[in-house]
Amino acid sequence: MAKHIQAVRGMHDILPEQTPLWHHVEGVLQDVLECYGYQEIRFPIVERTELFSRSIGEVTDIVEKEMYTFEDRSGDSLTLRPEGTAGCLRACIEQGLLHNQTQKLWYAGPMFRHERPQKGRYRQFYQLGVEAYGFPGPDIDTELILMTHRFWKRLGIGDNLQLQLNSLGTTAERLQYRAMLVDYFRANLNLLDEDSLRRLGTNPLRILDSKNPDMAAVISTAPEFANHLGDESKAHLEAITQALDVSKVDYVLNPRLVRGLDYYSNTVFEWVTRELGAQGTVCAGGRYDSLIEQLGARSNHAIGFALGFERLNALVELSKTRIPNAGSDIYFIRVGASAEPAGLQLVEQLREALPHLKLLLNCGGGSFKSQFKRADKSNARFALILGEDEVANSTISVKPLRNDTPQSTVAQNELADYLKKIL
Ligand code: HAM
């Protein structure tokens, strides 16, 4: 026999037993988004490579080593999207959605990063992203944070996530701070690990984000950005924290929160949990006003966030929330030469009369016994049983599968009404 072909490393299958959890979480999130007036946008999974290198930043981990980039048959360099912000903005600029109008948008789908796979970190993973264009804030910054807070509340995991907040200031403020950081780390070169030495020349702010415990001491005494923010940036952050105080949403100001993508300025935030081990960031985002001009459009405002479904779903699973049962109402058993076609006809009539009826039709034949076994396994609430006798009498048997109530016989032309009553 030929050897099985296996999935690509870091790319996982989502099995039927897991999809009810996915549907539940997606449904709750979409419901909240709709209530806040956000609209769905869909854009391609593949974009020109340049879109990502220009927006995420040439010297970020994603662009330097994690992108799935290939040449297509026309010789164009294309990349599987590592995130949605760049593609969403590209689509809106290209389609004129930023002209004299604001947008509140969301998208969901697979993203691709060639990272080292581990629990909670995959090479194909699913995000829900939200982007708002045309709002200078800080009201929209607050709305997005409050909306994420409502996501967690509705999913029953509010106690397991902590909000961390920071401001990266304006580009000018960041450049000034960057120079200060470089001076500080240069004076402490012997304390830096290899990664940080490399970042010193390329992206020194990311040194603050190092997870290496040996770096903790030198990072803890580095100059803090909060002390070097301009008045406007400070006021922006303060307006958000005041609104969160009023709404009784807890947060931690984390001056070391810098994010791994280059396009941010001003507000950045992350929702983190201790429940998932090393990959504890469930949702993250921030403001990225300058990216719009960088992609060639007129100066405007932009802010957004994305959450990872694998991590969020793992949290929901840990919380033991009851996931609505996605099983069938009915398993339809039919045995005998005349019952097969008659059953199919009856089933189609039922689907017409009760369009929301979840009815699983036995396919592939089998004895009464084996069909009953399948009915039990299906978790359906009732079995409908059609044998030769029932066909001859124009009746059908209805058997409850979850309790000991005896089965009853119902006339076929009264079946739809009968089911309406018992379901
Ligand atoms: P990000 O921090 O790169 O931001 O990703 C957001 C979330 O996606 C993470 O917090 C995590 O839950 C999930 N995630 C990221 N990488 C992986 C992975 N390899 N495996 C599993 N989950 C992962 C962004 O992507 C920005 N586009 C967010 C944003 C939107 N900023 C503004 N608008």
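Just follow the structure's listing: the first ligand is 1, and inside any ligand the first atom is 1.
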Under 4.0 Å, heavy atoms only, figure out whether ligand 1 is touched by the backbone of [X], its side chain, both or neither.
{"X": "Tyr263", "value": "side chain"}
{"X": "Glu131", "value": "side chain"}
{"X": "Phe305", "value": "backbone"}
{"X": "Val282", "value": "backbone"}
{"X": "Arg121", "value": "both"}
{"X": "Glu270", "value": "neither"}

Nearest non-hydrogen protein atom, [atom]:
{"atom": "atom 2 (O) of ligand 1", "answer": "Arg259 NH2, 2.8 Å"}
{"atom": "atom 6 (C) of ligand 1", "answer": "Gln127 NE2, 3.3 Å"}
{"atom": "atom 19 (N) of ligand 1", "answer": "Glu115 OE2, 2.7 Å"}
{"atom": "atom 10 (O) of ligand 1", "answer": "Thr281 O, 3.2 Å"}
{"atom": "atom 21 (C) of ligand 1", "answer": "Gly120 O, 3.3 Å"}
{"atom": "atom 30 (C) of ligand 1", "answer": "Thr85 OG1, 3.0 Å"}
{"atom": "atom 13 (C) of ligand 1", "answer": "Gly308 CA, 3.7 Å"}
{"atom": "atom 27 (N) of ligand 1", "answer": "Glu83 OE1, 2.5 Å"}

Counting each atom of ligand 1 from 1 as listed, which ones have a heavy atom of [X] under 4.0 Å away?
{"X": "Gly285", "result": "31 (N)"}
{"X": "Leu261", "result": "3 (O), 4 (O)"}
{"X": "Tyr288", "result": "32 (C), 33 (N)"}

Close side-chain approach of [X] to [Y], heavy-atom, < 4.5 Å:
{"X": "Asn266", "Y": "Asp289", "result": "no"}
{"X": "Glu64", "Y": "Glu58", "result": "no"}
{"X": "Glu270", "Y": "Phe305", "result": "no"}
{"X": "Leu346", "Y": "Gln349", "result": "yes"}
{"X": "Leu146", "Y": "Ser247", "result": "yes"}

Completion exercise
The side-chain contact (heavy atoms from CB on, under 4.5 Å) partner of Tyr251 among Ile240, Thr241, Ile145 is Thr241

Exercise for the section: Walk me through it: do Arg256 and Asp209 pass the test salt bridge (charged side-chain N to carboxylate O under 4.0 Å, His left out)? Expected result: CA-CA 6 Å; Arg256 307 287 175 225; Asp209 209 23; over 6 Å; no

Completion exercise
Looking only at non-hydrogen atoms, the one of Gly280, Ala306, Ser55, Pro82 nearest atom 7 (C) of ligand 1 is Ala306

Exercise for the section: Counting heavy atoms only, name the option from Tyr107, Phe125, Tyr122 that's nearest to atom 17 (C) of ligand 1. Expected result: Phe125

Problem - Enclosure of Gln164 CD (heavy-atom neighbours >12, cutoff 6.0 Å) - result: yes

Problem - More than 12 heavy atoms of other groups within 6.0 Å of Lys65 NZ - result: yes

Contact check, [X] vs ligand 1, heavy-atom distance below 4.0 Å:
{"X": "Ala302", "result": "no"}
{"X": "Cys283", "result": "yes"}
{"X": "Gln279", "result": "no"}
{"X": "Tyr264", "result": "yes"}

Practice task
Quick one: do Arg90 and Glu94 satisfy salt bridge (charged side-chain N to carboxylate O under 4.0 Å, His left out)? Show the steps, please.
Solution key: CA-CA 6 Å; Arg90 194 271 311 136; Glu94 192 171 335; 2.9 Å; yes

Within the 3.5 Å criterion, strictly below it, is a donor on [X] or [Y] matched to an acceptor on the partner's side chain?
{"X": "Trp271", "Y": "Thr148", "value": "yes"}
{"X": "Glu50", "Y": "Ser77", "value": "no"}
{"X": "Asn300", "Y": "Tyr133", "value": "no"}

Practice task
Answer yes if the ring centres of Phe43 and Tyr107 are under 6.0 angstrom apart, and no otherwise.
Solution key: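 Phe43 vs Tyr107: aromatic centres under 6.0 Å.
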
